[in-house]
Amino acid sequence: MLQLYIGNKNYSSWSMRPWVLLRQAGIPFEEVLVPFGQSTAEGSPFRRALAPVTPVGQVPVLVHDGLAVWDTLAIAEYVAETFAQHGLWPADAKARARARSVCAEMHAGFRALRSHCPMNIEASLPEVGRIVWRDQAEVRADVARIVAMWTDLLQAHGGPLLFGGFTIADAYFAPVCMRLRTYGLPVPAAVQAYVERVTALPGVAAWIAGALAERTFVDFDEPYRAAR
Ligand SMILES: N[C@@H](CCC(=O)N[C@@H](CS)C(=O)NCC(=O)O)C(=O)O
């Protein structure tokens, strides 16, 4: 049985990706939720809980048959290889290379969007989004790149998802969909429709339900609110 260590569902965008991937693919796993608490610093309960499975002190971590795999991209690759019958990367080699490119782009980039619009599924912050959009050219540039990427992929593969059917790439961008919703960032209708299709995927809807059920307010993930 797989075990997936994750952080708070409302906030942990990296945890969301492999959780959605496994759930949407119908691969059974046990969830181990390690709350962020007041701090994730060295010596915190969060770090102590993760110490047996990762030297990095971050979620997500996948544990399978005594092997711990950390970092989202490594987990996605491990799941795709171990459950090859699920076709989690696109079947076509060129599409697969492009899917890996955009996941790597997500992994290493979009820093302005990530820092100014942290994932906060339960919150609705369109007024914050308007100010961020007005003042942060780098956020506008990140969103422009996302819009261009998704528009190209939806056209190239005919939708409904980035590479046709569900792949790792959709799991990878699900937290971006959450951010676009929370902050009400302006995107073209075809991109908004993709956001809504991703939000409605059973694996994504199940994660959102978990996030909404949480009652914890994590100060260091809440630059814009004092309470829920
Ligand atoms: N590159 C890592 C990033 C993981 C990451 O930043 N995880 C955050 C939660 S979303 C975390 O564990 N933060 C706690 C900390 O860094 O102290 C991955 O893709 O797994």
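We count ligands from 1, going down the list as the structure has it; atoms in each ligand are counted the same way. The residues of the chain are indexed from 1 along the displayed sequence.
Checked against a 6.0 Å centroid threshold, the rings of His116 and Trp133 do not count as neighbours.
When only non-hydrogen protein atoms are considered, atom 2 (C) of ligand 1 lies nearest to Asp71 OD2, 3.5 Å. Of all protein heavy atoms, the one closest to atom 15 (C) of ligand 1 is Thr40 OG1, 3.5 Å. Taking atom 19 (O) of ligand 1 as the reference point, the nearest protein heavy-atom neighbour is Thr72 OG1, 2.8 Å. Of all protein heavy atoms, the one closest to atom 4 (C) of ligand 1 is Val59 O, 3.3 Å.
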Residues 150-161 side chain polar contacts: donor-acceptor under 3.5 Å, at least two apart:
residue : atom : partner : partner atom : Å
Thr151  : OG1  : Val147  : O            : 2.5

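Counting atoms of ligand 1 from 1 in the listed order, those under 4.0 Å from a heavy atom of Phe46 are 12 (O), 14 (C). Taking every heavy atom of Pro60 and a limit of under 4.0 angstrom, the matching atoms of ligand 1 come to 20 (O).
Between Glu122 and Arg225, at least one side-chain nitrogen of the basic residue sits less than 4.0 Å from a carboxylate oxygen of the acidic one, meeting the salt-bridge criterion. For the pair Lys9 and Glu214, the salt-bridge criterion is not met [side-chain N within less than 4.0 Å of a carboxylate O]. Ion pair Arg228/Glu222 not flagged as a salt bridge, since none of the NZ, NE, NH1 or NH2 atoms sits closer than 4.0 Å to an Asp/Glu carboxylate oxygen.
The residue Trp70 has no part lying near ligand 1, judged by heavy-atom distances below 4.0 Å.
At a cut-off of 3.5 Å, with distance as the only test, a side-chain donor of Tyr194 or Asp170 sits close to an acceptor on the other residue.
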